[in-house]
Amino acid sequence: MPELPEVETTRRGLAPHVEGRRVTGVVLRRPDLRWPIPPQVSNALPGQRIDAVRRRAKYLLLDTAVGSALLHLGMSGSLRVLPADTPLRAHDHVDLALDTGRVLRFNDPRRFGCLLWQPVGETHELLAGLGPEPLSDAFDGDYLYRLSRGRRAPVKTFLMDQAVVVGVGNIYAAEALFMAGIAPLREAGKVSRERYRRLAEAVKAILGYAITRGGTTLRDFISPDGAPGYFEQELSVYGRDGEPCRACGRALRLSTIGQRASVWCPACQR
DNA sequence: AATACGCCCTGCTGGC
DNA sequence: TGCCAGCAGGGCGTAT
């Protein structure tokens, strides 16, 4: 489920229920998700107050005075705040009990997500090599242009590289390239500065818009079924291979790029 | 350094 | 109807 807009939506939904609250207990029903859950989560976190819920890339950070719990939702993870006596469902792997009598519950069928720990003042290795936030001023067309010189990988692969820019997953990469009129297989190093400017603007526009759409799911956030689907009707290319381009009517094409399905318009994208 | 690819895991869909 | 291959919104680790 989660790309950056959904992680940000999760953060916004969580914050009012979690910020300022104290963690009264941790229940791990599995010792590991993608990686083993480090002992600090059980040892250091209980008793701490969560001062802030932050997002970096697709990671959520629960900040306390001694360190931050670091969560990634992978491809199938979700977080909900629930009454402590809410019956468990399959794949409810972790509960953080809060002093409000509620629990922050982490569910993740595929277990591609993780729960890690970052001591105060340190940056976890996984966060160290990440590129800029796409909605920050550090990310713009000139940045993409500079970084892409000499790169022979397809521009879509380049855009999805978390060391280049974070948070752009398979859906939004496809959508942004369509909006910018750039063919996803084009060599990253051969895209002009002007076109990278359009691409950066497209990334910002689409992610920003999707976050506002995610906002509409906020009110359901606590409800048992928080399945969003907020963006689906508005997709231009993702998942629409063979269907007509909404702009020109040509059949959209499917290519596999970097082992990911990639749909694009052979007429509108060059 | 950049690139290519296998792989972690479960659940669902579509074709037979 | 049942079965199973293929695929899914991510991204790390390793080899080249």
Side-chain angles (χ1 to χ4, degrees), chain A residues 1-10 29-37 55-60 70-79 89-94 106-116 124-131 134 144 146-178 184-191 203 206-207 209-211 213-214 217 225-242 254-263:
Chain A
M1 301 194 172
E3 290 199 35
L4 187 146
E6 185 136 350
V7 177
E8 178 60 23
T9 298
T10 296
R29 298 190 187 84
R30 284 193 69 97
D32 64 302
L33 296 167
R34 177 173 188 146
W35 291 291
I37 296 170
R55 180 188 60 74
R56 170 69 175 117
K58 295 173 191 166
Y59 292 90
L60 289 171
L70 213 153
L71 287 150
H72 195 294
L73 302 177
M75 278 175 83
S76 58
S78 62
L79 285 166
R89 302 198 296 189
H91 314 299
D92 281 338
H93 302 310
V94 180
F106 185 28
N107 182 286
D108 185 7
R110 290 174 76 177
R111 302 204 307 279
F112 284 6
C114 62
L115 170 52
L116 299 169
H124 197 283
E125 269 187 25
L126 292 174
L127 302 184
L130 295 175
L144 283 178
R146 278 198 311 277
L147 201 58
S148 63
R149 291 310 90 182
R151 297 284 193 109
R152 307 203 58 191
V155 62
K156 175 160 179 279
T157 303
F158 175 70
L159 187 62
M160 288 177 66
D161 183 344
Q162 302 296 296
V164 172
V165 58
V166 301
V168 183
N170 202 33
I171 292 178
Y172 297 110
E175 295 296 311
L177 286 163
F178 174 79
L185 279 162
R186 183 160 297 276
E187 223 175 275
K190 292 189 174 171
V191 174
V203 166
I206 287 172
L207 292 180
Y209 178 66
I211 289 171
R213 302 291 289 141
T217 65
D225 196 298
Y230 50 84
F231 205 65
E232 244 172 287
Q233 286 100 1
E234 308 179 51
L235 294 173
S236 296
V237 288
Y238 179 83
R240 297 193 64 239
D241 55 297
L254 174 66
S255 306
T256 297
I257 305 173
Q259 283 144 236
R260 310 298 294 271
S262 306
V263 183

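What's counted below: heavy atoms across the whole structure, side chains too, no hydrogens, waters or symmetry copies. All of these numbers come straight from a predicted model, not from anything done at the bench.
Taking a heavy-atom distance under 4.0 Å as the criterion, the stretch of DNA chain B touched by chain A extends 5' to 3' from B/dA2 to B/dG11.
We find that CG of A/L70 is positioned 13 Å from P of C/dG11, with the value rounded to whole Å. Computed from coordinates, the A/D161 CG to C/dG13 P distance equals 14 Å when rounded to whole Å. Between A/L130 atom CG and C/dG10 atom P there is a gap of 14 Å when expressed in whole angstrom units. Regarding A/I171, its CD1 atom lies at a distance of 14 Å from the C1' atom of C/dC7, rounded to whole Å. One atom, CD of A/Q259, and another, P of C/dG6, lie 15 Å apart when rounded to the nearest Å. Atom CG in A/L4 sits roughly 12 Å away from atom C1' in C/dG9 (whole-Å rounding). The distance between atom CD of A/E3 and atom C1' of C/dG10, rounded to the nearest whole Å, is 9 Å. Remark: P of C/dG9 and NZ of A/K58 are 10 Å apart, rounded to the nearest angstrom.
When the P atom is used for both C/dC7 and B/dC5, the distance is 16 Å, rounded to whole Å. Taking atom P in both C/dT14 and B/dC9, one finds a spacing of 16 Å when rounded to whole Å. As rounded to the nearest Å, C/dG9 and B/dG14 have P atoms that lie 15 Å from one another.
Taking the ring-ring contact (aromatic ring centres under 6.0 Å, His included) definition, one finds that A/F106 meets it with nothing, sequence neighbours left out.
For the side chain to side chain contact (heavy atoms under 4.5 Å, CB included) test with A/L115, the passing option among A/L70, A/L60, A/D108, A/I37 is A/I37; the others fail. The one candidate from A/L235, A/N170, A/L254 that meets the side chain to side chain contact (heavy atoms under 4.5 Å, CB included) condition with A/V263 is A/L254.
Distances were taken from every side-chain heavy atom of A/E6 (C-beta onward) to each of C/dG11, C/dA8, C/dG9; the shortest belongs to C/dG9.
Among the atoms of the strands shown, only primed sugar atoms or phosphate atoms (P, OP1, OP2) are found under 4.0 Å from some heavy atom of A/Y59. If you check every strand for non-hydrogen atoms under 4.0 Å, A/R34 touches a base. Heavy atoms of A/A261 sit under 4.0 angstrom from primed sugar atoms or phosphate atoms, though from no base atom. Contacts of A/R260 with the nucleic acid, taken as non-hydrogen atoms under 4.0 Å apart, include base atoms.
Proximity of a side-chain donor or acceptor of A/S262 to a complementary backbone N or O of A/R260 within less than 3.5 Å is detected. Not one N or O on the side chain of A/E8 forms a donor-acceptor pair closer than 3.5 Å with the backbone of A/I211. For A/E187 (side chain) and A/L185 (main-chain N/O), no donor-acceptor pair under 3.5 Å exists by modelled atom type. The backbone N or O of A/V237 lies less than 3.5 Å from a partner atom in the side chain of A/E175, making a donor-acceptor pair. Side-chain atoms of A/D92 do not come within 3.5 Å of backbone N or O of A/N107 as any donor-acceptor pair. A/R149 places a side-chain N or O within 3.5 Å of a backbone atom of A/G189 that can act as its donor or acceptor partner. Not a single donor-acceptor pair under 3.5 Å links the side chain of A/R111 to the backbone N or O of A/G113.
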Just the dot-bracket of DNA chain B, please: which string comes out with Watson-Crick or G-U pairs under 3.5 Å, [ ] for crossing, | for another strand? .|||||||.|||||||
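A sub-4.0 Å separation between OP1 or OP2 of C/dG9 and a side-chain N or O of A/Y238 is present.
Ring stacking is absent between A/F112 and C/dG11, as the pair misses the limits of under 5.5 Å between centres and under 30 degrees between planes.
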